[in-house]
Protein chains: 2
Amino acid sequence: MSLNLQEKILRAASELFYSQGIRATGVEAIAKAANTTKMSLYKYFMSKDDLVLAFLRKRDEDFRGWFVDQVDGKADTPKAKLLAVFDVIGEWMAIPEFRGCAFINAAAEFPLAGNPVLQVSAEFYDHFRRYIADLAEQCGSKSPESLALQLSLLLEGAIVSEQMKRHSGSAEQAKQAAIILIEHSIIDIPDTSLLTSNPGEQQ
Amino acid sequence: MSLNLQEKILRAASELFYSQGIRATGVEAIAKAANTTKMSLYKYFMSKDDLVLAFLRKRDEDFRGWFVDQVDGKADTPKAKLLAVFDVIGEWMAIPEFRGCAFINAAAEFPLAGNPVLQVSAEFYDHFRRYIADLAEQCGSKSPESLALQLSLLLEGAIVSEQMKRHSGSAEQAKQAAIILIEHSIIDIPDTSLLTSNPGEQQ
DNA sequence: ATAGGAATATACCGATCGGTATAGTCTATT
DNA sequence: AATAGACTATACCGATCGGTATATTCCTAT
């Protein structure tokens with residue numbers, strides 16, 4: 001029935017961190033939202049920074065688990081799953097609580113280079129990209145890593161775009177672009193390499 | 001020689017806001033960085049919020065101006081410019097001061113729906129997308145708005161990706177994807193519509 | 001019944017926040 | 001030389017920050 005106190009605190013913190021931002025959320029407000037006090041909060045978490053990392057790590061697990069389940073519930077074949085990814089993101093972006101990606105937001109709030117927050121955020125996207133790359137490989141993509149990175153750029157772009165301006169069709173456009181990129185990565189179309197910007201400084 | 005005091009304050013604020021984050025930067029630190037005091041700061045700016053908006057609006061102007069100049073310096077034809085966009089972003093992301101997109105970061109720090117910060121950030125990307133859409137139209141793209149949105153998703157994705165993990169080749173991959181999308185948007189390849197995720201629930 | 005640990009309530013700490021009040025310094029114009 | 005206005009220096013305001021000390025209540029296990 002009632003949750004572990006530690007989990008209650010973590011849940012309250014997670015919701016506030018995500019909805020209001022991390023720096024904008026004080027520990028007093030977290031304790032109040034969890035129906036407890038700062039004393040108990042500091043019994044389970046050494047510091048606010050510790051709580052922030054716990055939030056991000058749990059979010060990493062939860063989101064990826066939820067995400068894979070959603071995709072699996074929508075599609076069976078690898079190629080269909082690769083496209084369903086964009087539908088799942090699109091549905092996520094449509095919920096009113098959507099406030100962008102917790103990891104991108106956290107990275108924006110804690111810019112210092114060696115910060116563990118940045119590290120956890122980078123790991124999340126590594127995991128995410130690995131998931132996409134595996135699907136890409138099962139599709140028969142000729143360079144799964146490249147395709148995975150490109151698709152993840154579309155996804156991240158759609159998320160931050162939707163965060164700044166809601167309902168601008170980012171997810172649909174991302175999916176349309178993904179269709180083209182996926183198809184192009186699977187079946188080769190040899191005569192599209194005639195596009196060069198400045199032939200002299202090609203890298 | 002020496003700048004307007006108001007501009008000196010705005011410059012100091014801009015650098016600190018961008019490098020450390022907005023909430024993490026106090027007005028006292030801004031005044032100190034501008035070699036002045038809080039009193040003068042509050043003579044020229046009504047509040048910190050006012051200063052934040054001034055920072056974002058100036059950034060909007062400056063960045064877009066700088067960006068267009070860079071692109072124009074790299075390419076002549078619309079199509080070449082469309083690709084040069086990715087080179088410019090790639091070079092920008094390589095400088096050590098790079099800390100992501102000021103507008104995405106600001107949006108992450110001020111999540112409340114009606115916040116003017118969010119509005120200014122959305123306007124920046126509207127302007128940016130318009131610039132891309134104009135180039136796309138001059139290229140003969142069949143749907144310049146769609147292509148522009150797709151390309152901007154790639155760009156925004158590359159920026160946040162590079163912010164979380166430096167030197168992961170985001171800009172190059174974004175450019176490779178852009179080449180395919182641009183080519184596909186200009187010359188039609190009719191037989192790539194055989195890609196459907198779940199035929200029953202197509203939206 | 002009672003002891004012990006878990007949780008609460010509350011007050012406090014020093015530091016910093018955004019913002020202001022007041023007095024003094026400097027320089028340019030007359 | 002005097003005056004005006006821009007700028008500085010500094011102290012202060014109430015509020016809030018992350019974090020702690022202390023004492024009390026509550027529940028459970030023996």
Side-chain angles (χ1 to χ4, degrees), chain A residues 1-57 105-106 108-112 114-118 120, chain B residues 1-57 105-106 108-112 114-118 120:
Chain A
M1 173 106 198
S2 130
L3 284 170
N4 201 348
L5 182 56
Q6 183 171 9
E7 285 185 12
K8 266 171 64 181
I9 293 168
L10 183 52
R11 287 195 184 207
S14 298
E15 202 195 321
L16 290 174
F17 284 159
Y18 180 67
S19 65
Q20 308 185 349
I22 294 171
R23 296 200 112 106
T25 301
V27 288
E28 183 87 54
I30 295 170
K32 196 142 290 186
N35 280 317
T36 181
T37 64
K38 276 200 287 186
M39 283 310 299
S40 296
L41 190 154
Y42 279 102
K43 182 179 182 182
Y44 293 109
F45 301 96
M46 283 184 48
S47 64
K48 187 188 178 183
D49 288 335
D50 191 43
L51 184 52
V52 171
L53 287 179
F55 153 60
L56 290 175
R57 284 197 248 265
N105 293 345
E109 289 201 80
F110 297 88
L112 295 182
N115 199 302
V117 164
L118 214 61
V120 174
Chain B
M1 172 104 198
S2 130
L3 285 170
N4 200 349
L5 183 55
Q6 183 171 10
E7 284 185 13
K8 266 171 64 180
I9 293 168
L10 184 52
R11 286 196 186 208
S14 298
E15 202 194 321
L16 290 174
F17 284 158
Y18 180 67
S19 65
Q20 308 185 349
I22 295 171
R23 297 199 111 106
T25 302
V27 288
E28 182 86 54
I30 295 170
K32 195 142 290 184
N35 281 317
T36 181
T37 63
K38 277 200 286 184
M39 284 310 298
S40 296
L41 189 153
Y42 280 102
K43 182 179 182 182
Y44 292 110
F45 301 96
M46 282 184 49
S47 63
K48 187 187 177 183
D49 288 334
D50 190 42
L51 184 52
V52 170
L53 287 179
F55 153 59
L56 290 176
R57 285 197 247 266
N105 293 345
E109 289 202 81
F110 298 88
L112 296 182
N115 200 303
V117 164
L118 215 60
V120 175

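Predicted, not measured: the structure shown is a model, and the values here were computed from it. Lettering follows sequence order; numbering is per chain, from 1.
Rounded to whole Å, atom P of dA15(C) lies 19 Å from atom NZ of Lys48(A). Across the protein-nucleic acid pair, Glu28(A) atom CD and dC13(C) atom P stand 16 Å apart, rounded to whole Å.
Minimum atom distance to the side chain of Thr36(A) is reached by dT8(C), of the listed dG18(C), dG18(D), dT8(C). Looking at the side chain of Tyr42(B), the nearest of the listed nucleotides dG18(D), dT8(D), dT20(C) is dT20(C). When the nucleotides dT10(D), dG18(C), dT10(C) are ranked by their closest atom to the side chain of Met39(B), dT10(D) comes out on top. When the nucleotides dT20(D), dA7(C), dG18(C) are ranked by their closest atom to the side chain of Lys38(A), dT20(D) comes out on top.
Of all non-hydrogen atoms in Phe55(A) and Ile22(A), the two that sit nearest each other are CE2-CD1, 4.4 Å.
Expressed to the nearest 0.5 Å, how far CD of Glu109(B) lies from CG of Asn105(A) amounts to 9.5 Å.
Residue Asp50(A) is classed as having no contact, given no heavy-atom separation below 4.0 Å to the nucleic acid. Contacts of Tyr44(B) with the nucleic acid, taken as non-hydrogen atoms under 4.0 Å apart, involve only primed sugar atoms and P, OP1 or OP2. Backbone-only engagement by Asn35(A) is indicated by non-hydrogen atom pairs under 4.0 Å involving sugar-phosphate atoms exclusively.
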Worked verdict on Thr36(B) versus Leu41(B) for side chain to side chain contact (heavy atoms under 4.5 Å, CB included): CA-CA 8 Å; Thr36(B) 181; Leu41(B) 189 153; 5.7 Å; no
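Nearer the 5' end of DNA chain D, as judged by each residue's closest nucleotide, is the contact made by Leu5(B), out of Thr25(A) and Leu5(B).
Taking the ring axis of Phe110(A) as reference, the NZ or CZ atom of Arg23(A) stays within 45° of it and closer than 6.0 Å to the ring centre.
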